[in-house]
Amino acid sequence: MEGMSGPYVIRGSVALPEAELAWRFSRSSGPGGQHVNTTDSQVELRFDLARTEALPEVWKERALRRLAGRLVDGVVTVRASEHRSQWRNREAAAVRLASLLAEATAPPPQPRRPTRIPRGINERRLREKKQRSQTKRGRSGRDWG
């Protein structure tokens, strides 16, 4: 595919393999006036996540687990029709797929280590609460005889 600004990097040295991408084009309902009725500018990009060899095995399992709701028979599909030109929609779809896979293959975040609140901070909070409660109690008109 000449002219495309690929390869689309997922993370590190791993990129979307051009040979494993399946493109489909259809008429778009997006912008373009009468032009829309004559050109196949909507792009549908399919990537077989279950059978790909391009991703490390750990990443693949992680992505299959995280994208389970989006997959149909192990295939992830991305659509783009926001631009008038097919070429720009292809770019948009490929970038969207790459970022989707980057997010799905990211390592899980480090677990949070619980820390204790310093005693001074807790005491100050309680002191300020007491002060506030005194201020509010002083506003009630009970003692105005």
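What you are looking at is a predicted structure, and each value in this text was computed from that prediction instead of being measured.
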Q | Side chain to side chain, Phe25 and Gln42, heavy atoms closer than 4.5 Å | A | no
Q. Honestly, is Arg90 close enough over Trp23, meaning NZ or CZ under 6.0 Å from the six-membered ring centre and within 45° of the axis?
A. yes
Q. Got a sec, which residues hit salt bridge (Lys or Arg N to Asp or Glu O under 4.0 Å) with Glu123, two or more places apart in sequence or on another chain?
A. Arg119
Q: Just grab all the salt bridge (Lys or Arg N to Asp or Glu O under 4.0 Å) pairs involving residues 92-102, residues at least two apart or on different chains.
A: Glu82-Arg96
Q: Report yes if the side chains of Ser85 and Arg88 come closer than 4.5 Å at any heavy-atom pair, otherwise no.
A: yes
Q.
Under a plain distance cut-off of 3.5 Å, with no hydrogens placed, do Ser41 and Gln86 share a side-chain donor-acceptor pair?
A. no
**Q.** Main-chain N/O of Gln131 paired with Thr135 side-chain donor or acceptor, under 3.5 Å
**A.** yes
Q) How long is the span from the CZ atom in Arg46 to the CG atom in Leu97, to the nearest 0.5 Å? A) 12.0 Å
Q.
Do Pro114 and Arg112 make a side-chain contact, defined as non-hydrogen atoms from C-beta onward lying under 4.5 Å apart?
A. yes
Q.
Counting only heavy atoms from other residues, nucleotides and ligands, does the tally under 6.0 Å from CG of Leu126 exceed 12?
A. yes
Distance-only check: which donor-acceptor pairs under 3.5 Å involve side-chain atoms of residues 58-80, not counting sequence neighbours?
| from | atom 1 | to | atom 2 | distance (Å) |
| --- | --- | --- | --- | --- |
| Lys60 | NZ | Ala50 | O | 3.3 |
| Lys60 | NZ | Thr52 | O | 2.9 |
| Arg62 | NH1 | Thr105 | O | 2.6 |
| Arg62 | NH1 | Ala106 | O | 3.4 |
| Arg66 | NH1 | Glu103 | O | 3.3 |
| Arg66 | NH1 | Ala104 | O | 3.2 |
| Arg66 | NH1 | Ala106 | O | 2.7 |
| Arg66 | NH2 | Ala106 | O | 3.1 |
| Arg70 | NH2 | Thr77 | O | 3.1 |
| Arg79 | NE | Glu44 | OE1 | 3.2 |
| Arg79 | NH2 | Glu44 | OE1 | 3.1 |

Q. Of the non-hydrogen atoms in Val43 and Ala93, which two are nearest, and what is the gap between them?
A. CG1-CB, 4.1 Å
(Q) Taking CZ in Arg125 as the centre, count heavy atoms belonging to other residues, nucleotides or ligands within less than 6.0 Å. Is the count above 12? (A) yes
Q. With side chains defined as the heavy atoms from C-beta onward, is the minimum distance between Trp87 and Asn89 less than 4.5 Å?
A. no
